[in-house]
Amino acid sequence: MKTLLDADYTTQNEKAVVRLFYKTESGREIEEISDFKPYIYVLPREHGLERLKKRIEKLNSVEKLETVQMRDTDHEIEVLKVTLDHPKNVPDLRPQIKELEECKEVREAHIPFAERYIIDAGLVPMDGCEALDLRIASFDMEVYNPRGEPKADIDPIIIISYADNHGLDKVFTYKTVEGLDLDYLDVLKNEEDIIKKFIETIKERGIDIIVTYNGDNFDFPYLKERAEKHKIPLSLGVDDSPVKMEKRGMNLGARVRGRPHIDMYPVCRQIFNLSKYTLEDVYLEITGGEKKDIRVGEMAGIWDNPTTEKFKELLEYAMSDASSTLEIALDILPLHYEISRITKELIYQSSRSGSGQRVESLLIKKAFEKKILVPNKPSDRVVDERQRTTYAGGYVVEPKKGIHDNILLFDFRSLYPSIIISHNIDPSTLDCECCPEDPYRSPTGHYFCKKKVGLIPETLEGLVQRRIDVKKRLREEKDPKRGRFLEVEQQALKVLANSMYGYFGFPRARWYSKECAESIAALGRKYIHQTIETVPNFGFEVIYGDTDSVYMIDKSESKRKDILKHSKSFLDRINSELPEAMELEFEGFYPRGIFITKKRYALIDEKDMLIVKGLETRRRDWANIAKYTQEKVLNALLKDKDPNKAAKIVKDVVQEIKKGKMPLEELTINTQITRGMGEYKTEGPHIQAAKKAIKKGLEFKQGSIVTYVITKKGASISDKAQVIDFVEEGDYDADYYVNNQVLPAVLRLLEALGYSEDELKGLGRQTTLS
DNA sequence: TACCAGAGGAG
DNA sequence: AAATCCTCTGGTA
């Protein structure tokens, strides 16, 4: 029993050796593969194969030349498989071959060597890891920051905290005060020693996976620079190699050889939809518990003049950073083990890759098994071109505005995946010559081969079948721990299946096909239209629908039991006319709902739970007070059916705001900086607040979420916007929060109920503003 | 007042 | 570095 944690290659005696880093039952194992060689495929121009072969033979670093039969999109071809002596020579050889007159194209020259080996050898990263009790450690650092953002060339690390899943908690520092009693505290001599001690601890504890919160872009780069300053090698690798900072787009990735480092910050941003992603927020989301927090502005002061109480707080805070990061990791890592196993990516990769990359890794693996040539990545010019062309997506029904009772919801189970499978939608089956008579011809005029299953439908079918199998095992599983793994696996399979459609339309995709993407969306529209047209025949009325769902009410029945019976016959009728892999499902019955506009509505379910879609309550860029008040008003309208109660709620809140005593945490607005700070044509409040904060020493960049308040001082809203760190309790613009936050959010609901504007003024603005 | 840029949600 | 559809705000002319 062993599990593959990491892989790379080294050069020994001028030969490339693939190294596979395993965790075994007894410890660690590094397997070395020295007989594997890199190769690329060369597509000849017409009748050029033999001449091309002769020319390539003469080139340096070519070890072997074979003619092989491969599939390229929709046809079989003979291509040259060129085996090289060493992966480092691929970048040189590729353009030399590309320039040859008889060469049409070079393929698969950019697949990293170790990953190539994993694919070809059929290895599955992280397979079996549950059985091995992986040793997982987290660490976090506190840094001396007397001037705001710390600078690694000047400001030392003052604390390193450490926690692992085998019971060791440590805080390494080099200062202490009288009367401290913390069992995890380890006071050393200086910064150099805490760095050394940290490295030692990771090694002595035999750690398999290192986790951090923002380690890619803060802790590791900072630690590396400080270690270099002290001339300590940051040799955390299992082969004692130093931590390597890799460039990944705009950000960095910290790679520890053989002991994968996983940064939970980007992972959490991908998995959760939160207003912001501080460690405290994420910890609350996962465990429901509060985490110790201190104001970072206080840190340098405490370090310089430590009182027993404050210094203890600082150390406790440091410890909780490491232990909560570990707790988050233990909760989320199983998902990433599964993603790694499904996509065959190393966990270092899969924990940092997006949907597009994951789908692509899976397809490359499948293409290898089916002897299909992998398309090259598109050039920047092609990507630009693809970005300029768009296509039509899902259909949204204009809602019947206002309150409705006894609402039924139906939706298509996995609409797009089921369309891809039933219509065999794939670049290789697109408009094929053998079967133009497609009874299911897509409304865009495209048709798909009926004889040969495409790569993507086949891959998707594999995911769907595997998920059905996992769900079956899940039903039979008695052990809750194994049950959780199966649940996570079926979720991961579902997410991956659902991202296949998006992949077709992704401009950087190797298997990009706008025709496929638009055919899928067009067929989706066809099926939902078909469904909507059938609705009146059964005495129902559609009140709303979006892409794959239909909300309707029953005009002929009034009892729940009769309504549900009635809907069954509707369902049977629709499903009898659908392709086999497709199904419309009954999704729910809602006693009451309010529909405002497209993509904005709220429902009460049969357990009296409020479900809100698209409204301010759901948005991070609205103040809590507006979101919370809107939610209360929704409950008054839908549960209590009492508009007067709703009016009272609004009046009371408006009064509270006007008193000037509303806590700041009810008033903060979170907005992300989605582009580079210099790229804005118009700068909204969050950008102007961020700019002011940058001048005062805080760091904001693309991707940061700005938490700000509209204060009293300034002319425009943007002038008044200040990042929360600089706002005093009570300094807020009450008129803004009444007129631009609370009232718009609640008046929209009441307007949808048909109250006239005059009535609403009576309820809200005039009485309260006077 | 009309328009557009920007953000974030739904499915 | 997965897609499109849609609403709404605040800046700008």
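Atoms considered below: every heavy atom in the structure, side chains included; atoms not considered: hydrogens, waters and symmetry mates.
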Does Y601(A) have a side-chain nitrogen or oxygen under 4.0 Å from the phosphate oxygens OP1 or OP2 of dA10(B)?
no
- Task: Would you please confirm or rule out a distance under 4.0 Å between OP1 or OP2 of dA2(C) and any side-chain N or O of Q357(A)?
- Result: no
Parallel, tilted or perpendicular: ring planes of F595(A) versus Y601(A), cut at 30 and 60 degrees: parallel
Open item on the list: Quick check on dA1(C): is either OP1 or OP2 less than 4.0 Å from any side-chain nitrogen or oxygen of S355(A)?
Closed with: no
Once you apply a heavy-atom cut-off of 4.0 Å, does F504(A) come out as touching a base, just sugar-phosphate, or nothing?
nothing
message = Within the 4.0 Å heavy-atom criterion, would you say A392(A) contacts the bases, only the backbone, or no part of the nucleic acid?
response = sugar-phosphate
Between K712(A) and D731(A), does any side-chain N to carboxylate O distance fall below 4.0 Å? no
Rounded to whole Å, the CD1-P distance (I710(A) to dT9(C)) equals 14 Å
What nucleic acid atoms does W622(A) come within less than 4.0 Å of, heavy atoms only: base, sugar-phosphate, or nothing? sugar-phosphate
So does R618(A) get a side-chain nitrogen or oxygen closer than 4.0 Å to the phosphate oxygens (OP1/OP2) of dG9(B)? no
* For the pair E338(A) and R341(A), find out whether any cationic side-chain nitrogen is under 4.0 Å from an anionic carboxylate oxygen. => yes
N/O (side chain, N273(A)) to phosphate O (OP1/OP2, dG9(B)) under 4.0 Å: yes
Side-chain N,O (R675(A)) to OP1/OP2 (dG6(B)) below 4.0 Å: yes
Report task. For S353(A), report the nucleic acid contact type (base, sugar-phosphate, nothing); a contact means any heavy atom under 4.0 Å. Result -> sugar-phosphate
Of the listed dC8(C), dA10(B), dG6(B), the closest approach to the K681(A) side chain comes from dG6(B)
Respond yes when some side-chain nitrogen or oxygen of N740(A) is under 4.0 Å from OP1 or OP2 of dG10(C), and no when none is. yes
| What nucleic acid atoms does R248(A) come within less than 4.0 Å of, heavy atoms only: base, sugar-phosphate, or nothing? | nothing
Worksheet item: Just checking G614(A): base, sugar-phosphate only, or nothing, at a heavy-atom cut-off of under 4.0 Å?
Response: sugar-phosphate
Closest to the side chain of K598(A), out of dC6(C), dT9(C), dA1(C), is dC6(C)
Regarding the side chain of T597(A), the nearest nucleotide among dC8(C), dG10(C), dC5(C) is dC8(C)
Whole-Å distance, E683(A) CD to dC4(B) C1', equals 16 Å
Is Y736(A) touching bases, backbone alone, or none of the nucleic acid, heavy atoms closer than 4.0 Å? sugar-phosphate
Atom CZ of R386(A) and atom P of dA2(C) are separated, to the nearest Å, by 15 Å
Whole-Å distance, R748(A) CZ to dG9(B) C1', equals 13 Å
Rounded to whole Å, CD of Q672(A) lies from C1' of dT9(C) at a distance of 17 Å
Note to self: Between R619(A) and D621(A), does any NZ, NE, NH1 or NH2 come within less than 4.0 Å of an OD or OE carboxylate oxygen?
What the structure shows: yes
Inset, instruction - Have a look at G502(A) and say if it touches a base, only the backbone sugar-phosphate, or nothing, with a 4.0 Å heavy-atom cut-off. - result: base
The nucleotide from dT12(C), dG8(B), dT9(C) with an atom nearest the side chain of R620(A) is dG8(B)
Between CG of L415(A) and P of dA10(B) the distance, given in whole Å, is 19 Å
Contacts of R508(A) and V397(A) projected onto DNA chain C by closest heavy atom; the upstream (5') one is R508(A)
Between R748(A) and E616(A), is there a salt bridge with N-O shorter than 4.0 Å?
yes
| said: Under 4.0 Å, heavy atoms only, any strand: does R358(A) hit a base, just the sugar-phosphate, or nothing? | reply: nothing
Salt bridge between R466(A) and E489(A), side-chain N to carboxylate O under 4.0 Å?
-> yes
Q) Is the shortest side-chain N to carboxylate O distance from D733(A) to K713(A) below 4.0 Å? A) no
Give me the ring orientation class for Y527(A) and F412(A): parallel if the planes are under 30° apart, tilted from 30 to 60°, perpendicular past 60°. tilted
Rounded to whole Å, the CG-C1' distance (D380(A) to dA1(C)) equals 12 Å
Note to self: Just N and O in the side chain of R525(A): are any of them under 4.0 Å from OP1 or OP2 of dC5(C)?
What the structure shows: no
V396(A) has its side chain closest, among dC8(C), dA1(C), dC6(C), to dC6(C)
Testing dG8(B), dC5(C), dC8(C) for proximity to the side chain of K599(A), the answer is dC5(C)
To the nearest angstrom, the CD1-P distance between I673(A) and dG8(B) comes to 10 Å
Taking dT4(C), dT9(C), dG11(C) as options, the one with an atom nearest any side-chain atom of S718(A) is dG11(C)
Winner on side-chain proximity to Y680(A), out of dG6(B), dT7(C), dG8(B), is dG6(B)
